[in-house]
Amino acid sequence: MVNLVVVGAGSRGFALAQYARHRPDRARVVAVAEPREAHREAFARAFGLEGGRVFRDWRELVEAPRLGEAAIVALPDRLHAEAAVALMERGYHLLLEKPIAPTWEEVERVAEAKARTGRMVALAHVLRYTPYARRLKALLEEGAIGEVVSAQHLEPVGHWHFAHSFVRGNWRREGESSPFLLAKSVHDLDWLLFLLPGRVRRVASFGGLYHFRPENRPKGAAERCLHCPEEVERSCPFSARRIYLEAYDRGERGWPLDVVAFPLTRENLLRALEEGPYGECVYLGLNDVADHQVVALEYRDGRTASFHAEALSRMRFRETRLFGTEGELFGDGRRLRLFHFLKGERELDLALEEEASVRTGHAGGDMGLVEDFVEAVAREDPSRLEPWEEAVYAHRLTFLAERARREGRVVEVEA
């Protein structure tokens, strides 16, 4: 049995804590720290927490006697480093939401604290922990397409998802959170390292904020979707009325609606769309993060990989193409299609979720991550977790890719 404290009771903290409900024989939630009263009380009720087990701030929890073996850290990005260091120094192993921190200096600070305290840290690179990922990795290790030489990887963020999180939501301004590539896609660069292990020699990146700008605002559009003329609002794919209110009326609950209004009622949702950021027109210019980005990697041994993050897309699972010395492999999260140069083509239908988003628990990645973390803590054996060095290296490449994009040059990666 592993006792977990949860730091941040928003949608991610609550989702990851659900493992304790699925496997009460393996883990239990013993405390929560959350500044928002409604979220804190709802979480406490859900997990039967009382009195000295409920904290208004993560600092209060750190100052209390250690209550468990491990902590789930699901705070805003800019609080990750300070909280992670303090919790490790207090004796907690960590399951840390991505990214480690929004600056490289803070990532190094967390890494130093981990080395100094000897704590285990599982980073929420959930793509690695899905049944799909394990099957794909096994095929590569079996030599299904020989030696992998090159990779193409796509993250179709989804038009409404991008509008929700990166135009209206918590990650819309880099100065308040982190760059788009880091906030959304650090685990896509980690995914490439998972499939193509090795050291990178050069990084290039291109992209920026193209569509969600004031000059693209439809003529006659209001500043809020609920006030927009019907003929304008009905023709806008980013209408908050369509994304949130009509979804609620269809019976949808949970994410992303409970991010907009909590507790989630129609009255609260209407009020949030009238007063809060989720009801604003996406073309007001209140966001500054990229809505499309391309990253190219050249490995030291000559292999290559490319990654595309696309806001203007249909939301679905990521797509990966791998090219090897003996064949080609395509995966879309539900099936794998293998073409061998000599043996021909075959397809493996894995019967998984249609798309691996937060709504579906990332196609098993959320629970797979927590399960492996709990096992690692229980056995004091981190071998089931992603090697910490690989998680840090993925962050390093992400920061270098951002530098390459901003400076308009290819960046050399120091050995």
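On a predicted model such as this, the values are computed, not experimentally measured, just so you know.
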*Asks:* Indicate whether any N or O donor in one side chain lies under 3.5 Å from an N or O acceptor in the other, for Glu89 and Thr117.
*Replies:* no

*Asks:* Against the six-membered ring of Phe166, is Lys184 placed for a cation-pi contact (under 6.0 Å from the centre, within 45° of the normal)?
*Replies:* no

*Asks:* So with a 6.0 Å cut-off around CZ of Arg379, is the heavy-atom count from everything else above 12?
*Replies:* no

*Asks:* Please check: side-chain N/O of Lys98 versus main-chain N/O of Leu123, any donor-acceptor pairing under 3.5 Å?
*Replies:* no

*Asks:* Which pair of non-hydrogen atoms, one from Val203 and one from Leu400, has the smallest distance, and what is that distance?
*Replies:* CG1-C, 4.3 Å

*Asks:* In terms of side-chain heavy atoms, does Ser239 have a donor or acceptor partner in Glu233 at a distance below 3.5 Å?
*Replies:* yes

*Asks:* Verify the neighbour count for atom CD of Glu50: are there more than 12 heavy atoms of other residues, nucleotides or ligands below 6.0 Å?
*Replies:* no

*Asks:* Check this for me, if you would: do Arg172 and Glu280 make a salt bridge, where the nitrogen-to-carboxylate-oxygen distance has to be below 4.0 angstrom?
*Replies:* yes

*Asks:* When you measure from the side chain of Arg224 to the backbone of Leu273, do you find a donor-acceptor pair of N or O atoms at a distance under 3.5 Å?
*Replies:* yes

*Asks:* For Glu223, does the CD atom have more than 12 heavy-atom neighbours from other residues, nucleotides or ligands under 6.0 Å away?
*Replies:* no

*Asks:* What pair of heavy atoms forms the shortest contact from Ala261 to Ala272, and how long is it?
*Replies:* CB-CB, 4.4 Å

*Asks:* Decide whether a cation-pi geometry holds between Arg334 and Phe317; the criteria are a distance under 6.0 Å from NZ or CZ to the six-membered ring centre and an angle within 45° of the ring axis.
*Replies:* no

*Asks:* Would a line drawn from the ring center of Tyr283 to the ring center of His211 be shorter than 6.0 Å?
*Replies:* yes

*Asks:* In terms of side-chain heavy atoms, does His39 have a donor or acceptor partner in Glu34 at a distance below 3.5 Å?
*Replies:* no

*Asks:* Test salt bridge (charged side-chain N to carboxylate O under 4.0 Å, His left out) on Arg384 and Asp381 and set out the steps.
*Replies:* CA-CA 8 Å; Arg384 291 180 61 166; Asp381 175 15; over 6 Å; no

*Asks:* Taking the inter-plane angle between the rings of Phe399 and His395 on a 0 to 90° scale, is it parallel (under 30°), tilted (30 to 60°) or perpendicular (over 60°)?
*Replies:* tilted

*Asks:* Of Arg40, Glu41, Glu60, which is the lone residue that meets side chain to side chain contact (heavy atoms under 4.5 Å, CB included) with Val54?
*Replies:* Arg40

*Asks:* Can you find a side-chain donor-acceptor pair between Ser185 and Glu155 that sits under 3.5 Å?
*Replies:* yes

*Asks:* Which heavy atom in Leu264 sits nearest to a heavy atom in Tyr248, and how many Å separate them?
*Replies:* CG-CE1, 4.0 Å

*Asks:* Check whether more than 12 heavy atoms from other residues, nucleotides or ligands sit under 6.0 Å from atom CD of Glu142, and answer yes or no.
*Replies:* yes

*Asks:* Please tell me whether Ser177 and Asn170 have a donor and an acceptor in their side chains that are separated by less than 3.5 angstrom.
*Replies:* no

*Asks:* Distance only, no hydrogens: is a donor on one side chain within 3.5 Å (strictly under) of an acceptor on the other, for Glu371 and His22?
*Replies:* no

*Asks:* Is it true that the side chains of Trp171 and Asn287 contain a donor and an acceptor less than 3.5 Å apart?
*Replies:* no

*Asks:* I need the minimum non-hydrogen distance between Leu127 and Trp191, along with the two atoms involved.
*Replies:* O-CZ3, 3.5 Å

*Asks:* So, for Ala311 and Val157, which heavy atoms are closest and what is the spacing to 0.1 Å?
*Replies:* CA-CB, 4.3 Å

*Asks:* Would Phe330 and Phe339 count as a close aromatic pair, with their ring centres under 6.0 Å?
*Replies:* no

*Asks:* Measure across Ser205 and Gln293 and return the closest heavy-atom pair with its distance rounded to 0.1 Å.
*Replies:* OG-NE2, 3.0 Å

*Asks:* Excluding sequence neighbours, so at least two apart, what forms ring-ring contact (aromatic ring centres under 6.0 Å, His included) with Tyr278?
*Replies:* His164

*Asks:* Spell out, as yes or no, whether a donor-acceptor pair under 3.5 Å connects the side chain of Asp366 to the backbone of Leu369.
*Replies:* no

*Asks:* Does the structure place the NZ or CZ of Arg168 under 6.0 Å from the centre of the six-membered ring of Phe238, at an angle of no more than 45° from the ring's axis?
*Replies:* no

*Asks:* Would you find more than 12 non-hydrogen atoms of other residues, nucleotides or ligands less than 6.0 Å from Arg56 atom CZ?
*Replies:* no

*Asks:* Once the angle between the rings of His187 and His125 is folded into 0 to 90°, is it parallel (under 30°), tilted (30 to 60°) or perpendicular (over 60°)?
*Replies:* tilted

*Asks:* Measure the CZ-CG distance between Phe55 and Leu67 for me, rounded to the nearest 0.5 Å.
*Replies:* 5.0 Å

*Asks:* Distance to the ring centre below 6.0 angstrom and angle to the axis at most 45 degrees; does that hold for Arg21 and Phe47?
*Replies:* yes

*Asks:* Against the six-membered ring of Tyr299, is Arg303 placed for a cation-pi contact (under 6.0 Å from the centre, within 45° of the normal)?
*Replies:* yes

*Asks:* Can you confirm whether Glu407 is buried at CD, in the sense that more than 12 heavy atoms of other residues, nucleotides or ligands lie under 6.0 Å from that atom?
*Replies:* yes

*Asks:* Keeping the roles fixed (side chain from Arg316, backbone from Arg314), state whether a donor-acceptor pair exists under 3.5 Å.
*Replies:* yes

